[in-house]
Amino acid sequence: MLLPLRLDGQATGSGAVTGRVLVDSVTPLPQARVRIVGVTTVVLSGDDGRFTLASIPAGSQVLEVRRIGYVAFEQWVKVVAGEALSLQITLDLVPVSLKAVEIKGAPAVLPAMQAFEDRRAHGNGHFFTQTEIERMRPRVFTDVLRRIPGVQIGPSSGGFGGNEMVRMSRATGLAGLRSCPVLFYINGMPFQITGDMSINQFVAPEDVVGIEVYTGTSQIPPEFQRSLMNSRCGVVVIWTRVGNEEAPPFF
């Protein structure tokens with residue numbers, strides 16, 4: 001739904017984008033991350049799903065809306081100087097098949113990140129902290145993984161648009177590249193990507209506080225070994241803010 005409204009007091013040559021983020025076109029979705037790509041910082045939708053982006057240069061802009069567990073929304077919008085463009089955006093849940101996992105207790109964020117630092121001290125694998133990720137200014141999550149030797153980012157087109165699939169170079173033999181996607185963990189839980197979807201559909205780089213990448217079987221810690229879930233192809237462990245927007249950066 002697009003509905004322009006006249007604005008008073010708006011900077012010359014700029015407009016605004018307001019709107020509401022919903023689930024199933026009915027239920028408000030709070031804490032969705034909304035921005036105009038390359039123009040504005042991220043704002044969060046409120047408890048009623050509403051958001052406002054002000055002082056946007058007039059012209060065609062890319063609106064991006066994300067939340068973990070939902071298909072990312074991107075759309076070109078035309079911003080008119082002195083007007084507010086009103087939108088209604090519906091995000092779709094993406095069902096992901098997960099095998100049964102036995103959970104004992106619910107570790108807090110700080111102990112989890114302490115374990116991250118302990119593994120990093122051993123020197124196996126590749127590690128990125130929140131500060132290091134922010135310095136890279138990645139557009140999507142896979143931009144961080146491109147920096148790791150042995151990691152291959154390849155295009156895959158499907159029902160969710162152009163996606164980037166993550167594989168390890170060790171999966172390439174004399175027969176050429178064969179399908180051997182890595183196994184992802186998010187906050188300690190196995191997160192299997194199915195079909196033609198990409199990790200970029202579920203994780204935005206600004207939500208991440210730590211990444212661990214293990215390209216070889218000998219590097220993978222016991223807690224991240226799942227022989228039936230592609231751990232032999234490599235493991236990428238992602239630690240997010242877990243909804244705590246005020247969490248301090250880790251190193």
Side-chain angles (χ1 to χ4, degrees), residues 1-96 133-134 136-146 153 155-165 193 195-208 240-241 243 245:
M1 294 176 59
L2 308 178
L3 181 62
L5 303 173
R6 295 296 301 177
L7 291 177
D8 294 325
Q10 187 76 14
T12 302
S14 66
V17 174
T18 65
R20 198 177 188 195
V21 184
L22 304 173
V23 180
D24 298 328
S25 301
V26 176
T27 307
L29 182 63
Q31 300 298 305
R33 305 178 70 86
V34 186
R35 67 170 179 164
I36 296 294
V37 177
V39 177
T40 66
T41 58
V42 172
V43 300
L44 298 178
S45 59
D47 292 339
D48 58 358
R50 297 187 183 280
F51 66 89
T52 298
L53 298 169
S55 299
I56 302 171
S60 295
Q61 307 287 356
V62 178
L63 175 68
E64 178 185 82
V65 183
R66 290 178 178 269
R67 182 171 172 180
I68 292 178
Y70 295 81
V71 178
F73 174 92
E74 289 187 358
Q75 179 177 305
W76 284 94
V77 296
K78 186 174 183 179
V79 179
V80 178
E83 295 184 358
L85 184 63
S86 181
L87 307 172
Q88 179 171 297
I89 299 166
T90 300
L91 294 189
D92 296 323
L93 276 168
V94 177
V96 177
I133 295 169
E134 290 174 348
M136 297 177 194
R137 299 183 179 274
R139 185 181 63 86
V140 293
F141 177 80
T142 50
D143 286 346
V144 180
L145 303 184
R146 293 180 189 277
I153 310 297
S156 175
S157 297
F160 294 95
N163 293 320
E164 293 184 323
M165 312 303 290
I193 304 298
D196 57 9
M197 292 184 290
S198 166
I199 189 64
N200 291 334
Q201 297 287 344
F202 303 95
V203 178
E206 59 266 26
D207 292 332
V208 178
T240 72
R241 297 175 184 271
E245 295 297 329

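Position 1 is the first residue of the sequence, and the numbers go up from there.
- Counting heavy atoms from C-beta outward, Asp143 and Met136 have side chains that stay 4.5 Å or more apart.
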*asked:* I'd like to know whether Val34 forms a side-chain contact (heavy atoms from CB on, under 4.5 Å) with Leu63, so could you lay out the CA-CA distance, the side-chain angles of the two residues, the decisive distance to 0.1 Å, and finally the verdict.
replied: CA-CA 7 Å; Val34 186; Leu63 175 68; 3.8 Å; yes

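- Scanning both residues, Gln88 and Ser25, for their nearest heavy atoms gives NE2-O, 4.4 Å.
- Atoms CD1 and CG, from Ile89 and Leu22 in turn, are 9.0 Å apart once rounded to the nearest 0.5 Å.
- Side-chain contact between Val79 and Pro57 is absent, with no heavy atoms from C-beta onward closer than 4.5 Å.
- A side-chain donor-acceptor contact under 3.5 Å links Arg67 to the backbone of Pro30.
- With Leu53 as the fixed residue, the side chain to side chain contact (heavy atoms under 4.5 Å, CB included) test singles out one of Thr18, Thr40, Val42: Thr40.
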*List the steps, then state whether side-chain contact (heavy atoms from CB on, under 4.5 Å) holds for Leu87 with Phe73.*
CA-CA 12 Å; Leu87 307 172; Phe73 174 92; 5.9 Å; no

*What's the verdict on side-chain contact (heavy atoms from CB on, under 4.5 Å) for Leu44 and Arg33, showing C-alpha distance, side-chain angles and the deciding distance?*
CA-CA 5 Å; Leu44 298 178; Arg33 305 178 70 86; 3.7 Å; yes

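- With Arg241 contributing its side chain and Glu206 its backbone, the two residues share a donor-acceptor pair below 3.5 Å.
- Scanning all heavy atoms of the two residues, the minimum distance from Ala72 to Gln201 falls at N-OE1, 3.3 Å.
- Contact between Ala81 and Ala58 at its shortest, heavy atoms only, is N-CB, 3.8 Å.
- The backbone N or O of Arg50 sits less than 3.5 Å from a side-chain atom of Asp48, completing a donor-acceptor pair.
- The environment of Arg139 atom CZ is sparse: at most 12 non-hydrogen atoms of other residues, nucleotides or ligands sit within 6.0 angstrom.
- In this structure a side-chain-to-backbone donor-acceptor pair under 3.5 Å is present from Ser45 to Gln31.
- At distances below 3.5 Å, not a single donor-acceptor pair connects side-chain atoms of Thr240 with backbone N or O atoms of Asp207.
- Partner of Gln61 under the side chain to side chain contact (heavy atoms under 4.5 Å, CB included) criterion, chosen from Leu85, Ile56, Val37: Ile56.
- When all heavy atoms of Phe141 and Pro205 are compared, the pair lying nearest together is N-CD, 3.7 Å.
- For the side chain to side chain contact (heavy atoms under 4.5 Å, CB included) criterion with Tyr70, the lone passing option out of Val21, Thr90, Val23, Asp92 is Val23.
- Thr142 has its side chain within reach of Ile199: a pair of non-hydrogen atoms, C-beta onward, lies under 4.5 Å apart.
- Here the side chains of Val62 and Ile36 are not in contact, with every heavy-atom distance at 4.5 Å or above.
- The shortest heavy-atom contact between Ala16 and Ala54 is CB-CA, 4.2 Å.
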